[in-house]
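Keep in mind that the numbers below use all heavy atoms, side chains included, and drop hydrogens, waters and symmetry copies.
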Amino acid sequence: MTRQFASLAQLLALGGLVCAAIVTPGWAQGAPVTRMPCGAYEAVPSGVGSAGKPTRLSIQKGGRLLLTISDWSITRVDCADFNNDKTLELLVTTYSGGAHCCETLRAWALGTSPRQILEFAGGNADGFELRDLDGDGRMELLIGDDSFAYFDDLCYACSPSHLPMVACYADGAFQDCTRRFPEVLRPALTRYLDRVKPPDADTDIEQVEGAALGVLAISVLLGEEDKGVEAVRQAAASEAVMKWLERARPKVRDWAEARRRKIKDGRQ
């Protein structure tokens with residue numbers, strides 16, 4: 001399996017699927033991108049790319065152009081006061097084109113002038129959702145982390161390429177707050193663990209390694225690393241899988257400590 005395939009659906013159609021997909025269901029997607037008012041501002045799409053989507057988005061105020069975003073396609077535009085501070089925010093996703101890559105999510109606070117507060121390179125893990133997870137009246141941003149796509153030469157469909165990530169807005173910036181919301185992590189942990197089984201003629205070892213890696217990554221975020229490894233050991237019953245997972249553990253720990261750096265404010 002190589003990157004030349006445009007999607008998992010193509011692999012299935014070709015009947016050449018070697019590795020079962022290990023992904024998190026995509027977040028809710030917005031409506032087709034059209035001209036959108038957002039308070040005193042307006043988001044105006046233009047251009048049409050090969051995907052049939054606009055290639056540019058202008059942010060205007062009173063008919064005056066303030067800034068323009070360009071990419072292979074503009075895929076989603078949302079307007080919301082997600083932090084309940086009476087200032088609207090504009091969220092825009094763009095896509096660079098390619099088989100599995102790449103989406104970028106940006107957000108601007110629309111006060112007296114647009115101020116960029118987020119730039120997140122989602123890569124393969126496309127889509128986002130705004131949801132008030134803790135009932136405080138402010139919405140958290142649910143996004144995906146594709147850091148382990150193709151990890152250690154795993155096929156894309158085998159690798160855990162859409163790990164849950166939660167970003168919270170506080171003190172004028174987004175921060176990784178995933179560990180505060182174990183209820184977001186545990187369903188994904190269950191999905192990955194359900195795919196861990198002894199490799200055999202019907203279950204390629206890469207499928208098991210990718211699922212085991214997903215279990216390990218989420219277990220580290222939950223503070224349950226040893227428990228996650230033991231769960232994999234029991235389910236996989238494979239010394240080869242466990243040796244591979246042990247080699248991955250230091251990299252997973254480093255990822256868990258550094259993933260907050262993926263969330264930027266657009267000025268970095």
Side-chain angles (χ1 to χ4, degrees), residues 3-7 9-10 26-83 87-130 139 141-147 149-150 156 161-162 165 167 169 172-176 259-268:
R3 301 189 191 198
Q4 69 188 45
F5 293 104
S7 69
Q10 284 182 298
W27 303 118
Q29 297 299 309
V33 176
T34 59
R35 196 178 189 107
M36 175 183 287
C38 191
Y41 294 81
E42 193 169 27
V44 182
S46 60
V48 180
S50 57
K53 297 180 182 294
T55 57
R56 293 182 300 279
L57 187 78
S58 301
I59 300 179
Q60 304 178 9
K61 185 178 184 181
R64 182 167 62 94
L65 175 64
L66 301 177
L67 60 93
T68 301
I69 306 100
S70 300
D71 211 328
W72 188 73
S73 64
I74 309 295
T75 54
R76 181 175 173 185
V77 181
D78 286 78
C79 176
D81 178 11
F82 53 72
N83 57 351
T87 297
L88 290 171
E89 288 84 28
L90 187 73
L91 298 100
V92 179
T93 57
T94 64
Y95 186 63
S96 65
H100 291 297
C101 210
C102 287
E103 182 177 275
T104 302
L105 168 63
R106 300 177 179 88
W108 288 265
L110 301 179
T112 55
S113 61
R115 179 175 64 88
Q116 189 168 355
I117 56 176
L118 175 67
E119 184 165 318
F120 178 73
N124 305 278
D126 57 351
F128 71 89
E129 183 179 356
L130 288 167
M139 290 185 280
L141 180 63
L142 281 73
I143 45 185
D145 182 353
D146 77 335
S147 297
Y150 301 110
Y156 175 76
S161 55
H162 198 306
M165 191 170 189
Y169 191 73
F174 277 99
Q175 302 169 0
D176 178 14
R259 76 194 303 243
R260 65 185 183 278
R261 298 175 193 158
K262 291 175 67 72
I263 301 174
K264 302 178 181 180
D265 62 10
R267 295 173 296 177
Q268 300 172 342

- Measure across D126 and H162 and return the closest heavy-atom pair with its distance rounded to 0.1 Å. O-NE2, 3.4 Å
- Task: Search all heavy atoms of I69 against all heavy atoms of L67 and return the closest pair with its distance.
- Result: CD1-CD1, 3.6 Å
Side-chain donor-acceptor pairs of residues 43-64 under 3.5 Å, sequence neighbours excluded:
{"unit_1": "S46", "atom_1": "OG", "unit_2": "R56", "atom_2": "NE", "d": "3.3"}
{"unit_1": "K61", "atom_1": "NZ", "unit_2": "T112", "atom_2": "O", "d": "3.3"}

- Query: Quick one: does T75's side chain have a donor or acceptor within less than 3.5 Å of a partner on T93's backbone?
  - Reply: yes
- Task: Starting from the C-alpha separation in whole Å, work towards a yes-or-no answer on side chain to side chain contact (heavy atoms under 4.5 Å, CB included) for N83 and E89.
- Result: CA-CA 9 Å; N83 57 351; E89 288 84 28; 3.2 Å; yes
- Please test V92 against W108 for side chain to side chain contact (heavy atoms under 4.5 Å, CB included), starting from the C-alpha separation and ending with a verdict. CA-CA 9 Å; V92 179; W108 288 265; 3.9 Å; yes
- Query: Considering residues at least two apart in sequence or located in another chain, which fulfil the disulfide bond (SG atoms under 2.5 Å apart) criterion with C102?
  - Reply: none
Give, for atom [atom1] of [X] and atom [atom2] of [Y], the distance between the pair rounded to the nearest 0.5 Å.
X    : Y    : atom1 : atom2 : result
D146 : Y156 : CG    : OH    : 7.5 Å
I117 : D265 : CD1   : CG    : 9.5 Å
D81  : T87  : CG    : OG1   : 6.5 Å
Y169 : Q175 : OH    : CD    : 10.5 Å
M165 : I263 : CE    : CD1   : 3.5 Å

- Note on the structure: For R259, the side-chain hydrogen bond (donor to acceptor under 3.5 Å, both in side chains) test, sequence neighbours excluded, returns D145, T178
- Please list, chain by chain and in numerical order, all residues satisfying side chain to side chain contact (heavy atoms under 4.5 Å, CB included) with L91, sequence neighbours excluded. D78, F82, L105, A107, F128, L130, L141
- Query: With sequence neighbours excluded, what pairs up with C101 under the side chain to side chain contact (heavy atoms under 4.5 Å, CB included) test?
  - Reply: N124
Mind jotting down which residue pairs meet the ring pair (Phe, Tyr, Trp, His ring centres under 6.0 Å) criterion with at least one end in [range]? Sequence neighbours excluded, please.
range          : answer
residues 42-64 : none
residues 57-78 : W72-Y95
residues 34-69 : none

- Under the salt bridge (Lys or Arg N to Asp or Glu O under 4.0 Å) rule, what pairs show up with a residue in residues 42-51, not counting sequence neighbours? R35-E42
- Sequence neighbours excluded - disulfide bond (SG atoms under 2.5 Å apart) pairs with any residue from residues 32-71: C38-C79
- Non-neighbouring partners of D71 that pass salt bridge (charged side-chain N to carboxylate O under 4.0 Å, His left out), sequence neighbours left out: none
